[in-house]
Amino acid sequence: MQHTSLVTSITRAASVVSALALCVSMAACGSGSSEGSASASSSASSSAMLPKLEGVKVTGKPGEKPKVEFKKGLKIENNSGAVLQEGDGEALKSGDRICMQLSQYSAKSGEEVMTSWTDDTPDCSVIFNPDNGVANAQSATLAQIANTLLTGKKLNTTIGIGINDGSGDDNTYMFIATPVSQSKDYTKAQGEKVKDIPSDLPKVTLDAAGKPSIDMNGYKGSDKLVVQPLIKGDGPKIDKNTYAAVVNYTGWLLDGKQFDSSWDRNQTFDAVLSNMIKGWQEGLVGQTVGSQVMLVVPPDLGYGDQGNSSIPANSTLVFVVDILAKY
């Protein structure tokens with residue numbers, strides 16, 4: 001499955017930049033809380049470390065696609081940055097997932113190379129961490145630069161980040177980014193419990209935190225993918241353009257042996273769909289954020305006759321997946 005928004009495009013475009021430790025988004029925010037005040041001080045120091053992106057002007061209504069002006073052949077210093085237009089929305093909040101509208105411009109030609117504005121496919125891949133700003137300008141990630149530039153700012157602020165790997169004008173470009181929305185990820189599935197679940201499927205119970213346990217209920221598996229929602233969330237739907245789903249999950253073999261769990265690691269998992277087994281790729285598409293879904297994955301949609309670590313070859317796998325966010 002391919003992602004058609006800028007997450008994949010930016011990664012590919014920026015892969016030539018050897019000095020940049022890549023992130024797939026530039027989203028960031030600041031906070032008006034006392035914690036945010038300390039971060040703002042840190043960010044001010046970080047900002048001083050960034051080369052300034054100069055010679056770029058944006059105009060237009062905040063929150064709409066800006067008109068970007070600069071001279072062809074603009075000289076850009078690597079990892080340079082600037083706030084190009086102040087926003088008029090609510091203050092950006094620490095810990096929120098930020099959705100950014102992004103455009104990329106060639107410094108050599110002055111042309112727009114790609115944009116998320118046209119199809120309204122903002123990049124929502126980063127949760128802001130105000131303490132993860134720029135420590136070293138040349139090794140900073142895109143997210144760290146954005147963290148620094150956007151600390152203390154509001155939604156609809158527009159920033160610019162310049163990229164120059166030193167190999168020539170063809171690899172000199174800039175990203176123009178505008179955070180247009182923010183939200184908290186779910187910590188567990190939230191929605192309406194699904195009724196009339198087939199009685200022959202494994203039985204799932206949840207503890208107070210939402211962590212699942214399972215009773216295989218004599219279940220013998222299926223030669224086809226089984227996708228059974230357990231909780232139906234009302235968030236956005238995962239579709240063919242989704243790059244990744246943010247999930248908590250546990251996986252079991254048919255004998256009830258657990259082989260993996262993000263819950264046990266106390267860390268959510270960003271499931272990049274194109275990298276997942278086919279059972280996940282097919283089973284998660286069409287599900288909504290906030291949902292919990294059981295996937296019964298036959299061997300041909302899992303690891304087949306190769307197995308994987310603690311998963312024997314030709315195993316049918318049972319997963320319970322909480323979908324907490326998507327991007």
Side-chain angles (χ1 to χ4, degrees), residues 1-17 20-28 96-102 104 114 116 119 121-129 132 141-144 146 175 177 183-189 225 227 233 235-251 259-295 297 300-304 306 308-311 317-327:
M1 181 183 302
Q2 297 296 317
H3 180 55
T4 56
S5 77
L6 288 192
V7 174
T8 298
S9 302
I10 285 176
T11 302
R12 290 175 178 168
S15 64
V16 298
V17 186
L20 188 64
L22 289 177
C23 238
V24 293
S25 173
M26 299 180 292
D96 274 15
R97 184 174 295 277
I98 306 302
C99 290
M100 307 275 283
Q101 296 283 14
L102 305 171
Q104 180 184 340
M114 61 188 70
S116 67
D119 294 329
T121 53
D123 183 336
C124 305
S125 62
V126 164
I127 296 176
F128 174 60
N129 179 357
N132 187 30
T141 65
L142 296 177
Q144 288 172 334
F175 295 124
S183 61
K184 294 284 186 188
D185 284 1
Y186 290 122
T187 58
K188 62 181 180 180
L225 177 67
V227 181
K237 184 178 292 187
I238 295 174
D239 59 26
K240 65 179 181 179
N241 293 325
T242 300
Y243 178 71
V246 181
V247 303
N248 261 326
Y249 72 94
T250 301
F259 59 82
D260 193 14
S261 178
S262 65
W263 289 94
D264 290 348
R265 294 189 293 273
N266 196 31
Q267 186 174 18
T268 59
F269 176 62
D270 285 31
V272 177
L273 295 184
S274 61
N275 294 341
M276 304 306 295
I277 58 174
K278 289 186 181 296
W280 275 51
Q281 292 180 20
E282 296 178 13
L284 292 183
V285 169
Q287 305 303 314
T288 53
V289 172
S291 294
Q292 181 181 81
V293 59
M294 179 192 297
L295 302 177
V297 180
D300 62 319
L301 298 179
Y303 296 102
Q306 300 299 311
N308 182 55
S309 185
S310 60
I311 301 173
L317 311 175
V318 180
F319 295 94
V320 173
V321 183
D322 285 20
I323 304 171
L324 309 177
K326 57 159 277 189
Y327 59 87

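Side-chain atoms are counted along with the backbone in the values below, which use heavy atoms only and exclude waters and symmetry mates. Treat the numbers as computed from the prediction; the structure is a model and nothing was measured. The residues of the chain are indexed from 1 along the displayed sequence.
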Heavy-atom closest pair, residues Ile238 and Ile323: CD1-CG2, 3.9 Å
Salt bridge (charged side-chain N to carboxylate O under 4.0 Å, His left out) partners for Lys184, two or more places apart: Asp96
Lys237: partners by side chain to side chain contact (heavy atoms under 4.5 Å, CB included), with sequence neighbours left out: Thr288
Side chain to side chain contact (heavy atoms under 4.5 Å, CB included) between Val318 and Met294, intermediate numbers included: CA-CA 7 Å; Val318 180; Met294 179 192 297; 4.2 Å; yes
Residues forming a ring pair (Phe, Tyr, Trp, His ring centres under 6.0 Å) with Tyr249, sequence neighbours excluded: Phe269, Trp280
Separation between CG of Asp185 and CD1 of Ile127, rounded to the nearest 0.5 Å: 4.0 Å
Partners passing side chain to side chain donor-acceptor pair (under 3.5 Å) against Gln292 (at least two apart in sequence or in another chain): Asp322
Rounded distance [0.5 Å steps], CG in Leu324 versus OG1 in Thr268: 6.5 Å
Gap separating the CD1 atom of Ile277 from the CD1 atom of Ile311, nearest 0.5 angstrom: 7.5 Å
Approximate separation, where rounding is to 0.5 Å, of Leu317 CG and Tyr303 OH: 7.0 Å
Ser261: partners by side chain to side chain contact (heavy atoms under 4.5 Å, CB included), with sequence neighbours left out: Thr250, Gln258, Trp263, Asp264
Non-hydrogen atoms of Val126 and Ala143 that approach each other most closely: CG2-CB, 4.3 Å
Residues that Asp270 engages under salt bridge (charged side-chain N to carboxylate O under 4.0 Å, His left out), provided they are two or more places apart: none
Inter-residue atom distance Gln281.CD - Leu273.CG, 0.5 Å rounding: 7.0 Å
Gap between atom OG1 of Thr242 and atom CD of Gln287 - 0.5 Å precision: 11.5 Å
